Amino acid sequence: MVFERRTLFLAYVTDLADQMENLVKPSIESGFVALADGYILTLLSWGLIRGLELNWMKDVLSIFPEPKITFSLISSPEEVIKRIIKRDGYLDPLTVGIDICIREDIFNAFQDYTEKFQKYLVDLSKDKAIIVNTTNSIEEVKKEIVMHIENI
């Protein structure tokens, strides 16, 4: 099982590497600011909740550049579910962590998964990221993020 989870983790890393090379890097070289939704801390949280070793994942992810600033966006599981369903129309089994939170009720499985995922994310964010509560209004969240970006 760990091998399968490592393989899936590496697939996500490969996808991120492709995005970095073909989208992020050219944008930065052209003078743009690049914002990544789901970067190192997201992948680490994804792996930790599935029992992958932190040091192994950090070694794999060491190929990526350190960001100038990192935000960890946190919200209630109910709010996350609402946003995903509004965006996609459904809860994807891998997104909801069904591979590790086996339950008949996908809603409760996702709530459990989100709580665990965000706990790892907050723990990993200490001294590395600015934690932003996204249950605030979009304008408040935007204002907070912009304020931090303007200070770098």
Side-chain angles (χ1 to χ4, degrees), residues 1-2 4-20 23-24 28 33-88 90-103 105-152:
M1 187 61 96
V2 171
E4 292 168 353
R5 291 180 178 158
R6 278 187 171 193
T7 302
L8 189 53
F9 179 82
L10 292 173
Y12 286 130
V13 171
T14 302
D15 183 57
L16 179 59
D18 180 65
Q19 290 179 42
M20 291 294 291
L23 297 171
V24 176
I28 291 172
V33 173
L35 297 174
D37 178 15
Y39 195 51
I40 303 301
L41 296 180
T42 301
L43 287 170
L44 291 173
S45 297
W46 185 94
L48 285 171
I49 201 168
R50 286 166 172 81
L52 297 179
E53 305 85 18
L54 182 60
N55 288 334
W56 177 80
M57 290 187 296
K58 283 182 175 181
D59 284 346
V60 170
L61 295 169
S62 67
I63 63 168
F64 296 107
E66 283 287 320
K68 291 193 191 258
I69 191 168
T70 299
F71 298 99
S72 290
L73 306 178
I74 305 297
S75 194
S76 70
E78 296 81 14
E79 184 64 27
V80 174
I81 288 171
K82 185 169 64 173
R83 291 176 186 172
I84 290 172
I85 291 174
K86 183 177 180 181
R87 182 190 68 211
D88 299 338
Y90 63 94
L91 293 174
D92 173 63
L94 274 180
T95 303
V96 301
I98 204 73
D99 59 314
I100 57 171
C101 299
I102 306 300
R103 290 183 171 207
D105 180 358
I106 199 166
F107 182 83
N108 285 324
F110 185 71
Q111 279 188 302
D112 290 351
Y113 175 80
T114 303
E115 287 171 7
K116 291 174 188 174
F117 180 89
Q118 289 192 34
K119 182 189 177 310
Y120 280 121
L121 188 59
V122 167
D123 289 347
L124 290 166
S125 296
K126 292 183 174 116
D127 302 324
K128 293 184 193 285
I130 298 164
I131 297 172
V132 177
N133 182 343
T134 63
T135 56
N136 297 327
S137 74
I138 292 173
E139 276 306 309
E140 290 172 315
V141 171
K142 179 181 169 184
K143 202 184 310 186
E144 181 177 353
I145 291 172
V146 167
M147 177 197 66
H148 288 292
I149 291 172
E150 287 178 340
N151 289 332
I152 49 176

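Computed from a predicted structure; not experimentally measured. Sequence positions, counted from 1, serve as the residue numbers for this chain.
The distance from the CG atom of L61 to the CG atom of L41 is 9.5 Å, given to the nearest 0.5 Å. Taking OG1 of T134 as the start and CD1 of I145 as the end, the distance is 8.5 Å to the nearest 0.5 Å.
In this structure the side chain of T70 never reaches within 4.5 angstrom of the side chain of Y39, judged on heavy atoms. Counting heavy atoms from C-beta on, the side chains of Y90 and I85 never come closer than 4.5 Å. Two residues are said to be in side-chain contact when any heavy atoms from C-beta on lie closer than 4.5 Å; V122 and S72 fail this criterion. With contacts defined as side-chain heavy-atom distances shorter than 4.5 Å, the pair N136/N133 qualifies. Residues E53 and R6 have side chains in contact (heavy-atom distance under 4.5 Å, counting atoms from C-beta outward). In this structure, K119 and S45 have side chains that are not in contact, with every pair of non-hydrogen atoms separated by 4.5 Å or more. You'll find the side chain of F71 reaches within 4.5 Å of the side chain of I149, heavy atoms only. Looking at K126 and I131, their side chains never come closer than 4.5 Å, going by heavy atoms from C-beta outward.
Nearest heavy atoms, L43 versus M57: O-SD, 4.2 Å. Heavy atoms only, all atoms of each residue included: T135 and S76 are closest at CG2-N, 3.7 Å. Pairing each heavy atom of T42 with each of L121, the nearest pair is N-CD1, 4.3 Å. Listed here is the closest heavy atom pair of G38 and L16: O-CD1, 4.4 Å.
The closest donor-acceptor contact from the side chain of R50 to the backbone of R5 lies at 3.5 Å or more, if one exists at all.
With sequence neighbours excluded, the residues that form a side-chain contact (heavy atoms from CB on, under 4.5 Å) with Q118 are I74, V80, T114. Under the side-chain hydrogen bond (donor to acceptor under 3.5 Å, both in side chains) criterion, D18 pairs with N22, not counting sequence neighbours. Listed by chain and number, the residues in a ring pair (Phe, Tyr, Trp, His ring centres under 6.0 Å) with F9 are W56 (sequence neighbours excluded).
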Derivation and outcome, side chain to side chain contact (heavy atoms under 4.5 Å, CB included), residues L54 and Y120: CA-CA 11 Å; L54 182 60; Y120 280 121; over 6 Å; no
Stepwise side chain to side chain contact (heavy atoms under 4.5 Å, CB included) test for K142 and V146: CA-CA 6 Å; K142 179 181 169 184; V146 167; 4.3 Å; yes
Worked check of salt bridge (Lys or Arg N to Asp or Glu O under 4.0 Å) between K116 and D112: CA-CA 6 Å; K116 291 174 188 174; D112 290 351; 5.6 Å; no
Residue pair L48, F117: steps toward the side chain to side chain contact (heavy atoms under 4.5 Å, CB included) verdict: CA-CA 8 Å; L48 285 171; F117 180 89; over 6 Å; no
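Crowding of I138 atom CD1: a count of heavy atoms from other residues, nucleotides or ligands under 6.0 Å not exceeding 12.
In this structure, Y12 has its ring center closer than 6.0 angstrom to the ring center of W46.
Salt bridge E140/K143: absent, no basic N to carboxylate O contact under 4.0 Å. With respect to E79 and K86, no salt bridge is recorded, no charged nitrogen being found less than 4.0 Å from a carboxylate O.
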